[in-house]
Amino acid sequence: MTGPISLAGLRDDAVFLSLEHQMHLTDVLGEHEWRANFDVPSFSVTGDRPRTCTAVHFLGSAAPGPRSWLWSWATPSGYAPAATRLAEWLRGFGQQHGIAELTTPELPFAALPGAPDDPGRAAWVLAEAAKAASGRWTSYTPDVGGGARFALLIEHPDFELPPPERLRVMRVLQGGLLQGITDHRRAVQSYTALRGLDIAWTEGSAALTAPGLSLNIDFDALGRIGKITGSLHAV
């Protein structure tokens, strides 16, 4: 976290590193089917590359009918404490830092950053904030019927990122621009710090360097990323 703590700020802190983790998750799992049990709790996938996660954290659900997000700790039917422990921790984090969205049991989509229109996007917003706050970076937001979405954070050693790779970093930076970033400079600073990249700032740009990577990010007068240029060779 690199600035004032708010739901939008947490989302900006997470956006690039989260996207890279989701790209990596797709590479790791390939085509698959999933199964979750929140009583144990457990999460596993079947297919060409079956895996059982070492931990699964049920954050909550987003439903199209009421057009709202419901935290797992506020679900009337209840879930096993082991499944909702991280969501409960986030509730305390929200109380500590004055983030109402993390402490309000049910949130209308319109109250979330960007006022998302659909459950998938709403679940994504809350999962992004949870990642930045908790340092757990891999999410799964399945459709659970009727258009409703769960938001889960899942853990497995294979989900850890490999060392930064030049083409993947470029894809992450370009793809992240489509995610509705609020503070572009903050998002870049957070990503480079969390990913272990070197960064040098000037008034209107930032230079990123790492083995095999040299990129320059230009910002416009409003602080938004304008273009990304540079070389993709050993430096």
Side-chain angles (χ1 to χ4, degrees), residues 1 5 7 10-11 13-14 17-19 21-22 24-26 28-29 32-47 49-97 99-109 111-112 116 118-161:
M1 291 171 280
I5 301 177
L7 195 70
L10 290 172
R11 185 192 58 177
D13 286 335
L17 190 63
S18 171
L19 177 58
H21 275 84
Q22 297 311 121
H24 181 61
L25 181 68
T26 298
V28 170
L29 296 186
H32 66 276
E33 296 183 356
W34 65 280
R35 181 169 58 251
N37 184 332
F38 297 140
D39 294 326
V40 177
S42 65
F43 183 91
S44 60
V45 298
T46 57
R49 308 165 194 170
R51 281 174 177 79
T52 298
C53 290
T54 56
V56 55
H57 311 281
F58 179 35
L59 300 178
S61 57
R67 296 181 57 77
S68 65
W69 164 268
L70 183 66
W71 286 102
S72 59
W73 46 261
T75 304
S77 58
Y79 292 96
T84 63
R85 188 169 293 123
L86 182 63
E88 288 278 11
W89 179 88
L90 287 166
R91 185 184 187 184
F93 182 91
Q95 292 170 340
Q96 178 183 357
H97 296 286
I99 307 174
E101 296 93 339
L102 301 183
T103 64
T104 303
E106 186 170 7
L107 295 162
F109 293 168
L112 299 175
D118 64 272
R121 187 69 178 179
W124 174 83
V125 169
L126 275 304
E128 294 292 283
K131 291 179 183 185
S134 69
R136 295 170 172 87
W137 290 100
T138 302
S139 61
Y140 202 89
T141 55
D143 188 322
V144 293
R149 294 269 185 166
F150 281 173
L152 316 173
L153 297 187
I154 55 178
E155 299 183 61
H156 190 282
D158 291 346
F159 300 160
E160 297 296 322
L161 292 180

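As the structure is a prediction and not an experimental result, all values here were calculated from the model.
- For A36 against W34, the heavy-atom pair with the smallest separation is CB-CZ3, 3.7 Å.
- Residues L10 and F93 are in side-chain contact: their nearest non-hydrogen atoms beyond the backbone lie under 4.5 Å apart.
- For the side-chain contact (heavy atoms from CB on, under 4.5 Å) with L59, the lone residue among L152, T84, L126, L90 that qualifies is L90.
- For the atom pair Q96 CD and W89 CH2, the distance stands at 8.5 Å (nearest 0.5 Å).
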Would T46 and H32 count as a side chain to side chain contact (heavy atoms under 4.5 Å, CB included) if you check the C-alpha gap in whole Å, the side-chain angles of each, and the deciding distance to 0.1 Å? CA-CA 5 Å; T46 57; H32 66 276; 6.0 Å; no
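- In this model, no donor atom of one side chain and acceptor atom of the other lie less than 3.5 Å apart for Q95 and T103.
- Of all non-hydrogen atoms in A74 and P105, the two that sit nearest each other are CB-CB, 3.6 Å.
- We find the CG-NZ distance between L17 and K131 to be 8.5 Å, quoted to the nearest 0.5 Å.
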Would V144 and S61 satisfy side chain to side chain contact (heavy atoms under 4.5 Å, CB included), going step by step from the backbone distance to the final call? CA-CA 9 Å; V144 293; S61 57; over 6 Å; no
V56/V40 under side chain to side chain contact (heavy atoms under 4.5 Å, CB included): CA gap, chis, key distance, verdict: CA-CA 10 Å; V56 55; V40 177; over 6 Å; no
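- Put simply, the side chain of E33 does not reach to within 4.5 Å of the side chain of V45, judged on heavy atoms.
- Rounding to the nearest 0.5 Å places OG1 of T52 at 8.0 Å from CZ of R35.
- Using a 4.5 Å cut-off on side-chain heavy atoms (C-beta onward), L161 and H21 make contact.
- You'll find the side chain of F159 reaches within 4.5 Å of the side chain of C53, heavy atoms only.
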Verdict with reasoning, V28 to R51, per side chain to side chain contact (heavy atoms under 4.5 Å, CB included): CA-CA 10 Å; V28 170; R51 281 174 177 79; 3.5 Å; yes
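- Counting heavy atoms from C-beta outward, P66 and E106 have side chains that approach closer than 4.5 Å.
- Comment: R91 engages E88 in a salt bridge, judged by a side-chain N to carboxylate O separation of less than 4.0 angstrom.
- Taking 4.5 Å as the limit, every side-chain heavy atom of T141 sits out of range of all side-chain heavy atoms of W124.
- Across all their heavy atoms, P41 and A82 have their closest contact at CD-CB, 3.6 Å.
- Ring pair F38/Y79 is perpendicular by interplanar angle, where above 60° counts as perpendicular and below 30° as parallel.
- Between the side chain of S72 and the backbone N or O of F58, at least one donor-acceptor pair lies under 3.5 Å.
- Summarising the geometry of R149 relative to A123, their closest heavy-atom pair is CB-CB, 4.2 Å, with the distance given to 0.1 Å.
- Nearest approach of S139 to A127, heavy atoms of both residues: CB-CB, 4.2 Å.
- Taking CG from L102 and CD1 from I5, the interatomic distance works out to 10.5 Å, rounded to the nearest 0.5 Å.
- Between W69 and W71, the ring-plane angle classifies as perpendicular under the 30° and 60° cut-offs.
- When atom types are taken as modelled, the side chain of H24 and the backbone of E160 share a donor-acceptor pair closer than 3.5 angstrom.
- In this structure, the side chains of W137 and L25 stay at 4.5 Å or more apart for every pair of heavy atoms.
- Put simply, the side chain of H97 never gets that close to the backbone of I99: no donor and acceptor are under 3.5 Å apart.
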